Amino acid sequence: MADLTTTFIGIKSPNPFWLASAPPTDKEYNVRRAFEAGWGGVVWKTLGSEGPPVVNVNGPRYGVIHGADRRVLGINNIELITDRPLEVNLREIKSVKRDYKDRALIISLMVPCDEESWKDILHRIEDTGADGVELNFGCPHGMAERGMGSAVGQVPEYIEMVTRWVKKHSRMPCIVKLTPNISDIRKPAEAARRGGADAVSLINTINSITSVNLDDFAPEPMIDGKGTHGGYCGPAVKPIALNMVAEIARSPETHGLPISGIGGVTTWRDAAEFMALGAGNVQVCTAAMTYGFKVVQEMISGLSDYMDRKGFASTADLVGRAVPNVTDWQFLNLNYITKAQIDQDLCISCGRCYAACEDTSHQAIAMSPSRVFTVKDEECVACNLCLDVCPVENCITMRELPQGEVDPRTGRVVSGYANWTSHPNNPMAKQAAE
Amino acid sequence: MTNSQLTPGIVPGRLSAEAYCTNFADIAPPLDAHEVRVAADRCYFCHDAPCVTACPTEIDIPLFIRQIATGTPEAAARTIFSQNILGGICARVCPTETLCEGACVREAAEGKPVEIARLQRHATDTLMAKNAHPFTRAAPTGKRVAVVGAGPAGLAAAHRLAMKGHDVTLLDARPKGGGLNEYGIAAYKTAGGFAQAELDWLMGIGGITLKPGLALGRDLSLAELQAGHDAVFLGLGLGGVNALRAEGEDKANVLPATDFIRELRQAADLATLPIGRDVVVIGGGMTAIDAAVQARLLGAETVTLVYRRSKASMGASTVEQDHATQNGVRIICNAAPVRLLGSGAVVEVEFAYTEAREAGLHLLPQTFRLKADQVFKAIGQTLEPVPEGIATGGGKIAITGPGRTSISGVWAGGDCAQGGDDLTVTAAAEGRDAAMDIHLYLMGA
């Protein structure tokens with residue numbers, strides 16, 4: 001088994017699977033059980049300032065998107081930061097950390113946007129033994145209405161300012177958690193780096209309404225006939241999170257800034273994808289909320305087996321490996337030409353490829369009276385939609401045309417790499433066509 | 001009752017009261033709400049779907065399954081009923097393994113088709129439970145149509161004609177309407193009095209007058225019917241039973257399987273139905289299977305189904321065959337009855353093994369005998385009586401196009417007419433299509 005020990009901004013954990021700041025990490029009871037189950041680290045649910053804690057709604061806190069067999073695809077929540085007294089949380093953090101020295105324990109923080117508040121909370125958590133802090137600039141509901149959470153995270157200047165205060169008043173490693181509810185994720189990441197952040201973590205939840213009750217005409221989750229937007233998470237948000245992680249990983253301004261990847265990590269494979277795109281570790285919430293803490297055991301064995309297959313000695317060998325291959329559209333090879341091909345032995349004749357291509361694409365699939373489906377190479381633009389909608393794995397594949405072969409669609413011989421920057425149709429072309 | 005499965009002869013009450021209930025309970029109970037969602041999600045919504053092509057009534061199956069999946073089973077039911085008003089019974093009795101489910105691409109992919117029949121039942125049950133009829137009748141046309149036979153073909157024709165605004169007189173020789181649905185199909189396929197409930201619901205369209213107990217050729221002539229109506233549809237079914245043509249066939253307790261099934265379907269208390277300890281069923285179609293299985297379920301100790309040709313040539317599908325063997329029916333293929341033995345009542349049947357040769361089926365010298373208190377004949381049915389003056393072909397009413405007979409103004413469909421398999425769903429399609437042709441005939445001029 002490959003060694004999954006991970007060191008993230010100087011914080012060591014036996015594996016890269018941390019529980020994100022969220023309901024599962026709200027108290028000692030849960031966190032101890034999580035560590036017993038094998039989680040490498042925990043980001044304790046966000047603490048607020050000294051004083052009366054926040055209160056939560058007393059109706060439903062979650063909305064859900066289900067697949068047909070009630071598989072949880074996405075969850076939305078309107079829960080706030082911890083609603084337990086600060087001193088209780090601090091006492092419990094200290095107690096847990098004392099017993100689990102090998103695990104990472106990070107404290108998530110969210111206090112009003114003034115230096116005194118931050119200085120005060122940092123002072124209070126100093127002797128818990130926690131390994132670092134995560135600044136919650138992402139929570140999109142409730143706290144944002146009070147000038148905290150995503151209200152800070154949506155203004156890069158505030159991020160920089162608060163991060164600077166934190167680094168000034170604490171020696172702890174500092175992770176800035178970013179909200180995806182912003183047009184360009186690189187800007188808050190740059191601000192965090194300028195403020196001295198040791199890392200960023202992303203994504204926090206996405207503003208969302210999961211569904212509308214069509215009898216009561218109100219969003220779900222519904223509280224006494226009303227609803228409010230919540231934060232969306234779970235498998236459904238993973239593609240959005242992956243892109244944001246990649247953007248930060250490959251941007252020259254933020255390249256090299258450690259990233260803790262969050263957003264729909266459900267299996268070892270999801271985690272490996274985040275890590276390949278530059279995340280030094282991952283944080284998980286929805287998978288644990290859906291299946292319980294035990295899911296980490298599959299993540300550990302799966303990632304370990306994968307690393308063995310790949311010959312990776314440590315997670316560092318995986319982290320960022322895909323980043324060089326994330327590029328701009330303009331650099332994609334326009335002479336890379338593929339054609340769909342249908343394996344007639346595997347085909348079950350459902351005709352979904354035909355319907356998709358005929359109705360919505362390029363009319364590049366022929367259907368015989370006996371329901372044999374074949375690709376018309378002279379029409380196929382290789383869009384891939386047929387393969388995507390085919391219910392049979394590997395029935396439709398894309399064949400790459402080798403250089404020298406003629407593309408029946410264009411009648412042109414396949415040649416070497418060339419992209420849009422030099423294409424004759426590009427008015428901004430840097431050089432004439434070959 | 002002190003009888004058991006081992007009691008000799010033909011006796012009632014071989015089983016406990018609970019056993020009758022269990023044995024004749026709904027063979028495929030309704031799916032629950034979650035099962036429905038999971039089953040519906042498996043449909044791939046195929047283009048020009050093979051299941052639709054395989055359905056004699058061409059129900060838009062992918063559409064109705066999608067309507068179920070999106071929580072609108074009543075819309076799904078309308079999709080079904082617009083093509084086949086007998087979609088409820090068809091969901092229960094169709095040999096779907098040879099029709100829609102046999103054609104399902106998931107059958108090809110993984111040997112597990114989408115459960116189309118059970119989904120169809122979910123949709124039709126949901127709508128029928130509301131006791132609402134989904135269609136409204138067109139303005140009355142003043143045209144009068146006689147439909148003879150209130151079985152699947154006649155019901156489908158009557159409904160479509162009534163929907164189009166014609167006045168329909170629906171005649172049936174038996175005391176109740178429903179035809180084979182009521183009298184000829186295994187009880188566990190139509191549990192809960194479904195056939196009559198469906199008939200009542202179907203009549204909800206209005207404009208249909210059911211007149212049971214009137215038989216063509218006995219109580220009425222075709223000429224009389226024609227004189228009193230603008231058109232006539234014949235959905236007579238097959239009233240006669242083929243003979244075994246074996247020595248001793250006239251012995252007591254040698255009966256048509258259809259009689260046995262009819263009595264069973266009409267019995268108020270199954271415990272009062274006498275059944276033999278050793279029962280032999282001769283034939284290889286669905287009637288043979290239904291008789292054999294129900295004989296076992298009534299408590300017969302041994303039930304043997306003997307078919308003269310190979311297993312593959314059996315009219316009953318492999319699913320039906322498996323159902324029989326799972327219920328303890330022994331199936332013997334490639335054997336034909338040569339003699340029925342016994343003094344007065346049958347006690348044994350002698351069979352000869354057969355071999356299919358180019359010249360036809362050949363009896364081999366090897367024979368065997370089976371004990372038999374009762375013998376049920378299920379080797380096919382015949383049109384009987386043939387309505388006067390009508391042309392026939394292959395023993396059935398000859399038709400052209402959508403059920404037009406040799407007599408102008410007279411249509412026919414279902415088992416009594418040429419063409420198509422003898423299935424409820426085929427009869428429903430033929431009745432519907434003949435009705436549309438009658439409608440054009442009545443209104444087109």
Side-chain angles (χ1 to χ4, degrees), chain A residues 64-73 210-217 220 235-236 340 342-376 385-397, chain B residues 31-55 58-76 96-116 118-120 122-123:
Chain A
V64 67
I65 298 293
H66 279 136
D69 201 7
R70 286 187 76 79
R71 178 183 288 263
V72 173
L73 304 179
T210 40
S211 59
V212 176
N213 185 309
L214 289 177
D215 295 314
D216 297 325
F217 297 100
E220 299 281 7
I342 301 171
D343 183 331
Q344 299 300 341
D345 291 335
L346 291 177
C347 179
I348 59 171
S349 298
C350 68
R352 277 169 63 152
C353 58
Y354 176 83
C357 192
E358 191 70 10
D359 289 358
T360 69
S361 296
H362 298 83
Q363 296 76 49
I365 293 180
M367 175 179 170
S368 80
S370 57
R371 297 186 73 78
V372 174
F373 298 90
T374 44
V375 177
K376 297 185 248 178
L385 183 64
C386 55
L387 187 159
D388 294 336
V389 301
C390 177
V392 180
E393 218 169 337
N394 298 322
C395 176
I396 304 181
T397 49
Chain B
L31 299 176
D32 72 25
H34 183 72
E35 289 171 324
V36 162
R37 285 189 62 171
V38 174
D41 185 59
R42 293 187 66 240
C43 175
Y44 284 145
F45 205 72
C46 294
H47 173 77
D48 189 17
C51 54
V52 181
T53 311
C55 174
E58 292 181 73
I59 292 170
D60 192 337
I61 294 163
L63 177 61
F64 94 65
I65 293 179
R66 191 168 171 83
Q67 288 167 322
I68 290 173
T70 55
T72 56
E74 291 170 49
T96 50
E97 60 276 7
T98 62
L99 300 171
C100 54
E101 292 180 13
C104 177
V105 299
R106 295 199 82 145
E107 171 65 27
E110 61 212 83
K112 277 190 195 154
V114 174
E115 291 184 281
I116 298 169
R118 299 185 86 180
L119 288 167
Q120 178 164 320
H122 170 75

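Heavy atoms only: backbone and side chains are in, while hydrogens, waters and symmetry mates are out. Lettering follows sequence order; numbering is per chain, from 1. What you see is a predicted model; the values in this text were computed from it and never measured.
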Practice task
Go through the steps for B:Asp48 and A:Met367 under the test side-chain contact (heavy atoms from CB on, under 4.5 Å), then give the verdict.
Solution key: CA-CA 10 Å; B:Asp48 189 17; A:Met367 175 179 170; 3.6 Å; yes
Problem - Contact leader toward chain A among B:Arg42, B:Arg37, B:Arg106, B:Glu110, where contacts are heavy-atom pairs under 4.5 Å - result: B:Arg37
Exercise for the section: Take atom CZ of A:Arg371 as the centre, draw a 6.0 Å sphere, and report whether it contains more than 12 heavy atoms from other residues, nucleotides or ligands. Expected result: yes
Fill in the blank from the handout: Tightest non-hydrogen contact, residues A:Cys350 and B:Cys46, listed as O-CB, 3.0 Å
Completion exercise
Closest heavy-atom pair, B:Phe45 versus A:Arg352, reported as atoms and distance to 0.1 Å, is O-CG, 4.3 Å
Exercise for the section: Could you check which of B:Ala40, B:Pro50, B:Cys104, B:Ala69 has the highest count of heavy-atom pairs closer than 4.5 Å to chain A? Expected result: B:Pro50
Problem - Atom pair CZ (A:Arg71) and CG (B:Asp41), whose distance is rounded to the nearest 0.5 Å - result: 11.0 Å
Practice task
Go through A:Cys353, A:Gly67, A:Ala355, A:Ala68 and name the one with the most non-hydrogen pairs under 4.5 angstrom from chain B.
Solution key: A:Ala68
Problem - Full working for side-chain contact (heavy atoms from CB on, under 4.5 Å) between B:Glu107 and A:Ile348 - result: CA-CA 9 Å; B:Glu107 171 65 27; A:Ile348 59 171; over 6 Å; no
